[in-house]
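Notes for the one structure printed next.
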Amino acid sequence: MKFSKVTVPTLKEKPADAEIASHELLIRAGMMRSVAAGIYTFLPLGSSALAKVENIVRDEMNRAGACEIVLPNLHPAEAWRESGRWFQYGPEMMRLKDRQGREFCLGPTAEELVTLAVSRSAPSYRDLPVNLYQIQTKYRDEVRPRFGLLRCREFRMKDAYSFHTSFEDLDDTYRRMYEAYVAVAKRCSLDVRVVEAPTGLIGGDISHEFMVLSSVGEDIVVHCLECDYGANSELERHRPGKKFGTENSLPLEEVHTPCLVSVSEVASFLDSSSENVIKCVLYVAGDELIAAFVPGYRELSEAKLARILGTDNFHQMREDERELFPQVTAGFVGPVGLSGVKMLFDEELKGAKGLICGANKFDYHYRGVEEGRDFKAEPLVDIALATEGDRCVECGGELAIARGIEIGHIFKLGEKYSKPLNALFTDADGILKPIIMGTYGIGTSRMLATIVEQHHDENGIKWPKAVAPVDIEVIVLNPDNDEQSNMGREIYQKMMNAGFDVLLDERELSPGVKFNDADLIGVPLQVIVGKKTSERKTVDLKVRYTGEKLEFEAMDVGEKIINVLENVP
RNA sequence: CGGGGUGUAGCGCAGCCAGGUUAGCGCGCGUGCUUUGGGAGCACGAGGUCGGCGGUUCGAAUCCGCCCACCCCGACCA
């Protein structure tokens with residue numbers, strides 16, 4: 001590949017709309033261009049890097065016993081109506097009609113189509129299990145596409161679907177896919193953490209997310225620093241690291257707390273701390289009011305609340321709704337003597353003593369409140385978010401809270417799709433039974449961005465060798481010099497013949513431009529042919545990842561390149 | 001969908017508040033000469049529906065209205 005013949009429009013300046021490193025660098029390095037919000041064109045180098053990632057995924061899928069297929073992007077509405085998701089998916093699904101008015105969508109995922117494809121062959125237990133996958137463009141009309149390739153409306157994803165005669169058999173494939181995903185991440189130089197995950201719109205019982213910890217990640221991950229426990233914050237479990245409330249019982253008393261509403265204000269006014277205050281958050285769900293109580297030093301998790309309520313159709317009470325619910329005194333709500341409201345108590349409130357809470361009376365709080373004596377914490381639920389200092393439920397180790405980028409997600413679906421789609425197999429006993437399914441997704445374009453997030457410096461991308469768009473860049477500093485030009489071309493040919501992807505930069509530009517472009521593009525190994533070549537018959541090698549520079553005799557540099565390349569990250 | 005912001009040459013921006021000739025700057029691009037180990041120099045040159053539509057005005061990039069696109073925060077969500 002010659003630099004002058006391939007479209008690599010590098011930019012000196014940061015694009016105005018790029019907020020994060022991967023977005024900025026993929027554009028500046030000439031690997032992609034934005035077309036519309038959350039829709040990108042991959043230019044030659046970006047396309048090449050994406051293909052490297054996808055081939056690693058492909059290889060690991062094949063090793064795990066999955067078979068590649070190609071499903072259409074255009075899905076007839078019929079399949080989605082049968083599963084019920086045509087109605088559930090909502091505006092996130094890109095819908096369209098053909099000239100006859102028949103409805104279609106652009107596939108956001110493909111459980112329906114693949115399940116129908118398998119079930120139409122009327123499989124018997126002898127035909128199962130099978131595991132089918134594709135690497136395809138997916139469409140989701142995200143509410144807010146952002147961060148370059150991290151959240152797109154059109155993106156690349158590998159999706160696999162497995163079909164089984166039993167849950168035990170599903171467990172086996174699930175484990176193999178889990179291991180394959182870990183292997184993919186490793187080969188792409190991504191440090192991945194596997195966490196328990198919510199199942200969302202895909203559904204099913206058990207699922208795991210593959211998270212790469214990163215400050216630009218959109219998910220919050222809670223994980224143990226000592227064991228393997230990790231979970232998405234939406235369903236994490238934790239053991240409090242400190243005691244809520246006081247050690248001993250205190251007498252209940254009412255105190256005047258004029259205009260003090262927030263937990264910290266009340267705590268400091270009463271010379272106490274947020275570890276003794278009950279926080280109350282009011283929610284409106286339909287025409288019902290919900291008072292949720294959590295320890296004052298914690299945040300309430302709306303995701304957990306949604307799971308408990310069985311709906312996400314609720315919102316925090318707004319000021320203009322206060323008159324609709326005269327039974328509460330906003331800002332001074334406490335569980336003691338409260339009625340006419342649905343109450344929920346975080347588990348940590350059980351048995352707590354010496355607490356401070358609203359007195360359900362304007363400008364008054366109670367102190368010395370004790371659960372069991374002054375109010376009963378029922379129902380007891382897990383609605384609080386983990387906080388720094390919490391301990392692991394598995395091993396008691398320290399929990400860390402971090403942001404993560406979700407690169408993969410695997411689900412045990414069971415019969416969720418096979419039942420409504422009537423996907424059956426004939427068992428050994430001759431009876432038709434629903435197929436047991438699993439589904440496994442990995443975002444390949446998101447992985448590409450994640451790799452750049454994890455591997456870059458102030459000069460540009462530092463591609464790990466396995467996913468670099470090309471392996472070697474040969475830079476001829478002065479192409480007008482015959483000796484340099486010939487040597488550059490010779491090395492270029494030789495390395496291509498040795499099976500490497502090589503980029504030859506013999507553009508008529510000053511050396512600085514070529515050096516900076518090379519660093520920006522981030523090819524693992526630079527071979528520099530310049531003055532030293534014409535004067536001393538040597539060439540320089542520069543390892544992009546480490547910045548290490550080596551000088552070798554030009555004559556036998558081919559072997560040296562191969563040796564050096566073997567040891568670069 | 002709520003809040004905030006932006007839209008002027010391929011990219012990054014100034015000009016707008018206080019309307020007034022051929023709308024500027026840097027980078028990039030083209031041609032020529034010089035230069036070639038970390039974003040070269042000189043000379044000449046090309047490139048613009050000032051996001052769109054409508055209005056006010058003798059006159060609109062600039063003021064007003066509507067619309068569109070893009071970005072950020074939130075809500076939401078694989």
Side-chain angles (χ1 to χ4, degrees), chain A residues 7 9-20 23-24 27-28 30 33-39 85 88-93 108-109 111 138-148 150-153 155 157 159 197-204 207 209-211 217-219 232 234 302-303 306 312-316 318 404-411 439-443 445-446 459-460 475-481 483-485 505-520 526-536 538-540 542 547 549 551:
Chain A
T7 308
T10 57
L11 298 176
K12 208 180 275 193
E13 280 169 297
K14 174 179 168 174
D17 54 5
E19 290 288 315
I20 62 168
H23 188 193
E24 175 193 339
I27 297 224
R28 280 188 53 213
R33 283 292 180 265
S34 152
V35 174
I39 302 175
R85 285 206 294 181
Q88 281 172 27
Y89 230 101
E92 206 155 298
M93 183 184 261
T109 172
E111 283 79 11
K138 298 290 184 299
Y139 299 86
R140 291 180 195 175
D141 195 358
E142 292 284 346
V143 243
R144 184 140 98 84
R146 58 181 141 180
F147 298 148
L150 286 186
R151 182 166 295 273
C152 283
R153 293 193 293 172
F155 59 97
M157 178 168 123
D159 44 326
T199 53
L201 263 181
I202 304 288
S207 97
E209 286 170 330
F210 294 74
M211 294 286 196
E218 296 185 83
D219 294 272
N232 188 298
E234 293 182 24
E302 293 192 354
D312 51 12
N313 194 11
F314 59 84
H315 61 270
Q316 234 174 301
R318 298 186 305 261
I405 301 170
E406 180 191 344
I407 59 164
H409 199 160
I410 60 178
F411 303 77
T439 180
Y440 320 88
I442 190 161
S445 52
R446 179 180 280 183
N459 297 320
I475 306 171
V476 179
L477 292 183
N478 184 358
D480 289 336
N481 177 300
E483 229 163 332
Q484 291 183 30
S485 172
D505 188 355
E506 45 179 2
R507 293 175 298 169
E508 303 264 359
L509 291 169
S510 56
V513 175
K514 288 184 272 197
F515 283 133
N516 283 310
D517 271 354
D519 286 349
L520 179 59
Q526 299 170 13
V527 180
I528 299 152
V529 180
K531 204 158 55 189
K532 290 184 191 172
T533 312
S534 24
E535 289 173 2
R536 322 210 282 256
T538 67
V539 298
D540 281 344
K542 177 180 166 183
K549 281 185 183 166
E551 186 175 348

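Protein chains get the first letters and strands the later ones, always in sequence-line order, with residue 1 at the start of each.
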Worksheet item: Distance check: side-chain N/O of A/R146 vs OP1/OP2 of B/C70, anything under 4.0 Å?
Response: no
Discussion item. Please classify the nucleic acid contact of A/E19 as base, sugar-phosphate, or nothing, using heavy-atom distances under 4.0 Å.
Written reply: sugar-phosphate
Practice prompt. Keeping the roles fixed (side chain from A/R153, backbone from A/I39), state whether a donor-acceptor pair exists under 3.5 Å.
Written response: no
Fill in: hbond_proxy A/R140 side chain to B/C77 base (donor-acceptor, 3.5 Å cutoff)
no
Worksheet item: On a whole-Å scale, what distance lies between the C1' atoms belonging to B/U6 and B/G15?
Response: 16 Å
Worksheet entry | B/S/- contact track for nucleotides 31-48 of chain B, protein heavy atom under 4.0 Å | -----BBBBB--------
Worksheet item: Nearest of B/C77, B/G12, B/A75 to any side-chain atom of A/E13?
Response: B/G12
Worksheet item: With nearest nucleotides of RNA chain B determined for A/G38 and A/I405 from heavy-atom distances, which residue corresponds to the more 5′ nucleotide?
Response: A/G38
Worksheet item: Does the side chain of A/L477 reach to within under 4.5 Å of the side chain of A/K531, using non-hydrogen atoms?
Response: no
Discussion item. So does A/I27 get a backbone contact from the side chain of A/R33, meaning a donor-acceptor N/O pair under 3.5 Å?
Written reply: yes
Discussion item. When you measure from the side chain of A/Q484 to the backbone of A/N478, do you find a donor-acceptor pair of N or O atoms at a distance under 3.5 Å?
Written reply: yes
Worksheet item: Under 4.0 angstrom, heavy atoms only, what part of the nucleic acid is A/E302 near: base, sugar-phosphate, or nothing?
Response: sugar-phosphate
Discussion item. Work out how far the C1' atom of B/G30 is from that of B/G47, and round it to whole angstrom.
Written reply: 10 Å
Practice prompt. Would you check if A/D159 and A/K138 make a side-chain contact, meaning some heavy-atom pair closer than 4.5 Å?
Written response: yes
Worksheet item: Which residue lies toward the 5' end of RNA chain B, A/V35 or A/R144, if each is placed at its nearest nucleotide?
Response: A/V35
Discussion item. Suppose you measure atom C1' in B/U62 against the same atom in B/G4; what distance do you get, rounded to whole Å?
Written reply: 23 Å
Practice prompt. Return the set of residues passing side-chain hydrogen bond (donor to acceptor under 3.5 Å, both in side chains) with A/D517 (not counting sequence neighbours), or none when no residue passes.
Written response: A/T10, A/R507
Item to complete: Would you please name every residue forming a side-chain hydrogen bond (donor to acceptor under 3.5 Å, both in side chains) with A/T533, sequence neighbours left out?
Response: none
Fill in: P atoms of B/U8 and B/G48, separation to the nearest Å
15 Å
Item to complete: Side chain of A/R153 only, please: which of B/C77, B/C70, B/C72 is the nearest?
Response: B/C70
